[in-house]
Amino acid sequence: MNAKVWLVGAGPGDPELLTLKAVRALREADVVLIDDLVNPQVLEHCLDVRVITVGKRGGCRSTPQDFIHRLMLRYTRQGKCVVRLKGGDPCIFGRGGEEALWLRERGVDVELVNGITAGLAGATNCDIPLTLRGVSRGVTLVTAHTQDDSSLNWRALAEGGTTLVVYMGVAKLEEIRQQLLNAGMVADMPVAMIENASLPQQRECRSTLARMHWDAQAFALKSPAILVIGSVAAAAQAACIAVPASA
Ligand code: SAH
């Protein structure tokens with residue numbers, strides 16, 4: 001019996017960004033549970049498989065997480081190899097950690113497989129290096145959306161000197177802008193807003209902290225999108241940011 005759950009990151013959308021390990025898991029799968037943000041083209045790697053859509057728009061509105069947990073458990077108890085396919089990386093705002101824990105507590109064999117997270121892909125596809133010698137010495141990934149409405153430590157984010165990558169931020173642009181300004185981030189801090197990163201329909205909107213909500217509105221920015229906030233997000237940064245030779 002090869003009963004097992006692979007918690008697999010499908011990457012941000014471009015099917016070529018799938019890892020070889022993800023491809024192997026898809027080949028072995030009897031059942032694939034697929035999230036909304038996964039590009040269905042990656043299913044071409046499956047052989048004989050049952051595909052179940054379990055995203056928010058997938059028709060399991062009531063207690064979806066519990067439903068997904070139980071579905072995975074049921075199939076593994078039938079001896080099936082299950083692939084739980086998630087957008088980006090399973091453990092970056094993807095509930096991979098909690099699903100793995102829930103399944104392991106019930107004796108299920110679980111393996112996590114990285115995917116390229118949307119923040120990395122979005123930045124790279126817009127030629128934004130998230131770290132850059134002499135400019136940005138780190139990256140902070142945050143979500144603007146929390147279940148419990150707990151607040152981010154905006155001051156730490158504004159003063160930390162790292163590039164900020166914000167997930168699930170489209171509906172919260174005004175709040176993000178105001179909080180970072182209040183926390184002392186400079187008004188002309190460059191911002192890049194990247195929609196549908198890595199897909200043919202990718203769009204990018206360059207702005208500044210002060211103007212980002214207006215520019216996003218004019219651009220009709222829609223989810224899924226990530227925000228990159230920091231000096232590295234300057235429009236023609238590759239050409240314009242002087243990298244100190246000694247850095
Ligand atoms: N696990 C995923 C994130 C899931 S949270 C990952 O690692 O990428 C969902 C959020 O991810 C979206 O609201 C959006 O902010 C971001 N996202 C996912 N796919 C995206 C894409 N192709 N382009 C831009 N943002 C994306």
Side-chain angles (χ1 to χ4, degrees), residues 5-19 21-22 25 32-42 53-58 64-65 68 83-101 110-128 130 139-148 150 152 157 163-177 180 191-207 212-213 215-216 219-230 233:
V5 174
W6 295 82
L7 293 172
V8 177
D14 177 352
E16 283 192 323
L17 291 177
L18 207 60
T19 65
K21 198 161 187 176
V32 175
L33 273 63
I34 184 169
D35 266 358
D36 288 332
L37 283 175
V38 174
N39 186 341
Q41 279 180 41
V42 302
T53 304
V54 292
K56 281 182 207 129
R57 285 159 259 171
Q65 197 55 40
I68 293 165
V83 167
R84 170 85 169 104
L85 201 52
K86 293 166 174 287
D89 186 273
C91 293
I92 302 291
F93 310 123
R95 298 192 169 185
E98 61 187 86
E99 290 184 11
L101 186 68
V110 178
E111 188 163 340
L112 286 148
V113 180
N114 283 122
I116 295 182
T117 190
L120 298 188
T124 302
N125 278 287
C126 293
D127 289 331
I128 298 171
L130 290 175
V139 187
T140 307
L141 308 184
V142 293
T143 174
H145 180 86
T146 54
Q147 247 172 3
D148 57 2
S150 61
L152 287 165
L157 295 175
T163 305
L164 304 183
V165 179
V166 184
Y167 290 68
M168 293 175 261
V170 174
K172 303 239 171 168
L173 287 175
E174 276 194 59
E175 182 191 337
I176 294 164
R177 169 187 177 275
L180 288 173
V191 175
M193 297 174 269
I194 306 147
E195 180 185 293
N196 283 313
S198 86
L199 288 161
Q201 64 271 33
Q202 172 175 308
R203 299 194 306 150
E204 63 179 279
C205 173
R206 303 285 181 131
S207 182
M212 63 189 241
H213 60 312
D215 287 342
F219 186 79
L221 184 77
K222 289 194 189 63
S223 182
I226 52 131
L227 320 178
V228 179
I229 304 174

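Scope of the values below: all heavy atoms of this structure, side chains included, with no hydrogens, waters or symmetry mates. Numbering of ligands and ligand atoms starts at 1, following listing order.
Within the listing of ligand 1, atoms 1 (N), 2 (C), 3 (C), 6 (C), 7 (O) sit less than 4.0 angstrom from a heavy atom of Ile92. Close contacts of ligand 1 with Ile226, meaning ligand atoms under 4.0 Å from a residue heavy atom, involve 15 (O), 16 (C), 24 (C), 25 (N). Against a heavy-atom cut-off of under 4.0 Å, Ile194 is close to the following atoms of ligand 1: 24 (C). Heavy-atom proximity to Phe93, at under 4.0 Å, picks out these atoms of ligand 1: 4 (C), 5 (S).
Contact annotation: Ser198 has no heavy atom less than 4.0 Å from any atom of ligand 1. Judged by the shortest distance from any of its heavy atoms, Gly13 lies outside the 4.0 Å radius around the atoms of ligand 1.
Closest protein heavy atom to atom 11 (O) of ligand 1: Tyr167 CD2, 3.5 Å. The shortest contact between atom 21 (C) of ligand 1 and any protein heavy atom is with Ala197 N, 3.5 Å. Residue, atom and distance of the protein heavy atom nearest to atom 2 (C) of ligand 1 are Gly87 O, 3.2 Å.
In Asn196, the part holding a heavy atom less than 4.0 Å from any atom of ligand 1 is the backbone. Heavy atoms of Val170 found under 4.0 angstrom from ligand 1: none, in either backbone or side chain. The part of Leu37 lying near ligand 1 is the side chain, judged by heavy-atom distances below 4.0 Å.
Residues Leu173 and Leu227 form a side-chain contact, since some pair of their non-hydrogen atoms from C-beta on lies under 4.5 Å apart. Ser207 is listed as a side-chain neighbour of Met193, based on a closest heavy-atom distance under 4.5 Å. You'll find the side chain of Leu157 reaches within 4.5 Å of the side chain of Thr140, heavy atoms only. Using a 4.5 Å heavy-atom threshold, the side chains of Gln202 and Cys126 count as touching. Looking at Glu111 and Leu7, their side chains never come closer than 4.5 Å, going by heavy atoms from C-beta outward. Residues Val8 and Leu18 have side chains not in contact (no heavy-atom distance under 4.5 Å, counting atoms from C-beta outward). The closest side-chain heavy-atom distance from Ile176 to Leu152 is not below 4.5 Å.
Remark: ligand 1 and Met168 share an N or O pair separated by less than 3.5 Å (distance only, no angle test). Residue Thr117 places at least one N or O, backbone or side chain, under 3.5 Å from an N or O of ligand 1. At least one N or O atom of Asp89 sits closer than 3.5 Å to an N or O atom of ligand 1. The shortest N or O to N or O distance between Gly169 and ligand 1 is not under 3.5 Å.
Results of the side chain to side chain contact (heavy atoms under 4.5 Å, CB included) test with Asp35 over Val54, Thr53, Leu85 single out Val54 as the only residue that passes.
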Please list, one pair per line, the donor and acceptor atoms closer than 3.5 Å that link side chains of residues 113-121 to other protein atoms, with sequence neighbours excluded.
from: Asn114; atom 1: ND2; to: Asp89; atom 2: OD2; distance (Å): 2.7
from: Thr117; atom 1: OG1; to: Tyr167; atom 2: OH; distance (Å): 2.6

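Contacts classified as salt bridge (Lys or Arg N to Asp or Glu O under 4.0 Å) and involving residues 164-177 (residues at least two apart or in different chains) are not found.
Considering only non-hydrogen atoms, atom 18 (C) of ligand 1 lies nearest to Ala118 out of Pro12, Ala118, Gly119, Gly94. Counting heavy atoms only, Ala225 comes closest to atom 15 (O) of ligand 1 of the residues Gly88, Pro224, Ala225, Ser223.
At a cut-off of 3.5 Å, with distance as the only test, no side-chain donor of Ser198 or Asp14 sits close to an acceptor on the other residue.
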